[in-house]
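Source: prediction; values computed, not measured. Whatever order the structure lists them in is the order used to number ligands and atoms, beginning at 1.
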Amino acid sequence: MSYDVVVIGAGPGGYVCAIKAAQLGLKTAVVEKRSTPGGTCINIGCIPSKALLHASEMFAEAGHKFAELGIQVEPKLDLARMLAHKDATVDSNVKGLQFLFKKNKIDWIQGTGSILGEGKVRVEAEGGESRELEARNIVIATGSVVAGIPGVEVEFDEKVIVSSTGALELEKVPGHLVVVGGGVIGLELGSVWARLGAKVTVVEYLDTILGGMDGEVAKQFQRMLGKQGMEFRLGAKVTDVARSDGGARVTFEPVKGGDADTIEADVVLVATGRKSYVGGLGHEAAGIALDDRGRVQVDDHYRTSVAGIYAIGDVIAGPMLAHKAEDEGVAVAEIIAGQAGHVNYGVIPSVVYTSPEVASVGRTEEELKRDGVDYKVGKFPFSANGRARAMLQTDGFVKVLADAKSDRLLGVHIVGFGAGEMIHEAAVVMEFGGSSEDMARTCHAHPTMSEAVKEAALATFFKPLHL
Ligand SMILES: Cc1cc2nc3c(=O)[nH]c(=O)nc-3n(C[C@H](O)[C@H](O)[C@H](O)COP(=O)(O)OP(=O)(O)OC[C@H]3O[C@@H](n4cnc5c(N)ncnc54)[C@H](O)[C@@H]3O)c2cc1C
């Protein structure tokens, strides 16, 4: 069979690329080794985690906030039902994708794809059957897998010592969950189980959680999670994770030196990041170069070292985010179709879907300082926002960073209810090269949480009104 585009991997990078390519009139196939499309994101990542985050947040709200709103309930956990909601959410997203493949006349080919060289892909199905596809263009979108802890052998059984995949389907709420890694995935899944009743301890190598996020935001956020009962052991290097009687044991030592410590846990979640995946792809034989971190090397048009072969998503450099993969999928389809595909890496929002949410776009204050940029800051707390008070969602604040001279918006960081939705107005302003004054002078509906964004923008070049 001969195609204009064969995409290997049906995650958000690959499936979006296939849909866009088909919309642009290119004959397209997707090769995927899983039985369902959607990749990490839909099957074991973004979507199931958000289903559990939402359900557990509702459970916690019912237990802690409803009474203050005049609603008397005694929530009772039905974990099996909550997990069934998560599975049903995944299933409906998978079905939606299967429909989109059909609608766009994309051939779905199940099996492991390997590249035989320019324009040739072999697909091996699980039963051992294999077939060859001819492709004018090949797009590698094979994503990433769990990275583990550098220098530590971890035996995942996905019951007691789990990765994010096992943490999405624990059969009962653990008494004590130890999370190794204070990044987005660890904090989100830690939050799920903490809200359902687990004691959660986060062990993190760095001196801060959410390394790379704005420092002020990360600090405040840690305090909020602390109030929710989460405990933190920062600056701690994990040296061993092993099964023990009835659970598992995590051993760590201070990064700065000192005595080792051990915590016993019912379940240990290792959430120390992910690494690019090229297993079974045959990249070496095909002459496709990787960078020093094992990622497929591409130029600024997503071209690999072999003509006609492109790569996108988690398998290449950049933030491991579904929307970054999707945008690259669109860009590469456009490039293949002869258009000017492009991704603006300066404006990729990132969101932590905890309660409250954390969202940011653009540069952090630390980055601006490091780069010697002359900037100004505007802040506004949700405690001074009417809608936030009405919803008992006053935790958090908005922080706006703008160029000191031009007022051009450089970064926006939000901790608060709905931060993941609010961040996009900042993203749009930044995409258009706008200023904090542009954002502040845009009429915002009242009463909304978004008025805090407007107020923080006002504070950046003048004064907020409601503070
Ligand atoms: C628990 C968790 C929560 C997350 N939450 C979020 C979130 O809220 N927001 C967000 O933006 N990101 C989130 N992510 C990250 C997000 O899932 C990834 O960034 C995204 O899935 C990357 O997309 P991709 O298409 O590059 O790769 P993937 O989604 O990893 O897809 C790659 C696909 O390629 C297939 N494949 C690999 N090799 C082959 C081969 N040789 N032949 C055929 N098929 C192959 C794999 O089976 C897989 O289906 C989360 C991740 C996890 C683990």
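Donor-acceptor pairing under 3.5 Å is lacking for the side chains of Ser305 and Gln297.
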Run through all N or O atoms in ligand 1 and write down each protein N or O closer than 3.5 Å, as a pair with its distance.
| residue | atom | partner | partner atom | Å |
| --- | --- | --- | --- | --- |
| ligand 1 | 5 (N) | Lys50 | NZ | 3.3 |
| ligand 1 | 8 (O) | Lys50 | NZ | 2.6 |
| ligand 1 | 11 (O) | Ala322 | N | 2.8 |
| ligand 1 | 11 (O) | His323 | ND1 | 3.3 |
| ligand 1 | 12 (N) | Ala322 | N | 3.3 |
| ligand 1 | 19 (O) | Asp314 | OD1 | 3.0 |
| ligand 1 | 19 (O) | Asp314 | OD2 | 3.2 |
| ligand 1 | 19 (O) | Met320 | O | 3.3 |
| ligand 1 | 19 (O) | Leu321 | N | 3.3 |
| ligand 1 | 19 (O) | Ala322 | N | 3.4 |
| ligand 1 | 21 (O) | Cys41 | N | 3.4 |
| ligand 1 | 25 (O) | Pro12 | N | 3.3 |
| ligand 1 | 25 (O) | Gly13 | N | 2.9 |
| ligand 1 | 26 (O) | Asp314 | N | 2.9 |
| ligand 1 | 29 (O) | Thr40 | N | 2.9 |
| ligand 1 | 30 (O) | Thr40 | OG1 | 2.6 |
| ligand 1 | 41 (N) | Gly113 | O | 3.0 |
| ligand 1 | 42 (N) | Gly113 | N | 2.8 |
| ligand 1 | 44 (N) | Lys33 | N | 3.2 |
| ligand 1 | 47 (O) | Glu32 | OE2 | 2.7 |
| ligand 1 | 49 (O) | Glu32 | OE1 | 2.7 |
| ligand 1 | 49 (O) | Glu32 | OE2 | 3.0 |

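Ionic pairing of Asp157 and Arg243 is present here: one or more N-O contacts between side-chain nitrogen and carboxylate oxygen are shorter than 4.0 angstrom. Salt bridge Asp371/Arg363: present, at least one basic N to carboxylate O contact under 4.0 Å.
Legend: residues meeting side-chain hydrogen bond (donor to acceptor under 3.5 Å, both in side chains) with Tyr205, ordered by chain and number and at least two apart, are absent. Taking Asn93 as the reference, nothing meets the side-chain hydrogen bond (donor to acceptor under 3.5 Å, both in side chains) condition, with sequence neighbours excluded. In terms of the side-chain hydrogen bond (donor to acceptor under 3.5 Å, both in side chains) criterion, Lys219 has no residue partners (sequence neighbours excluded).
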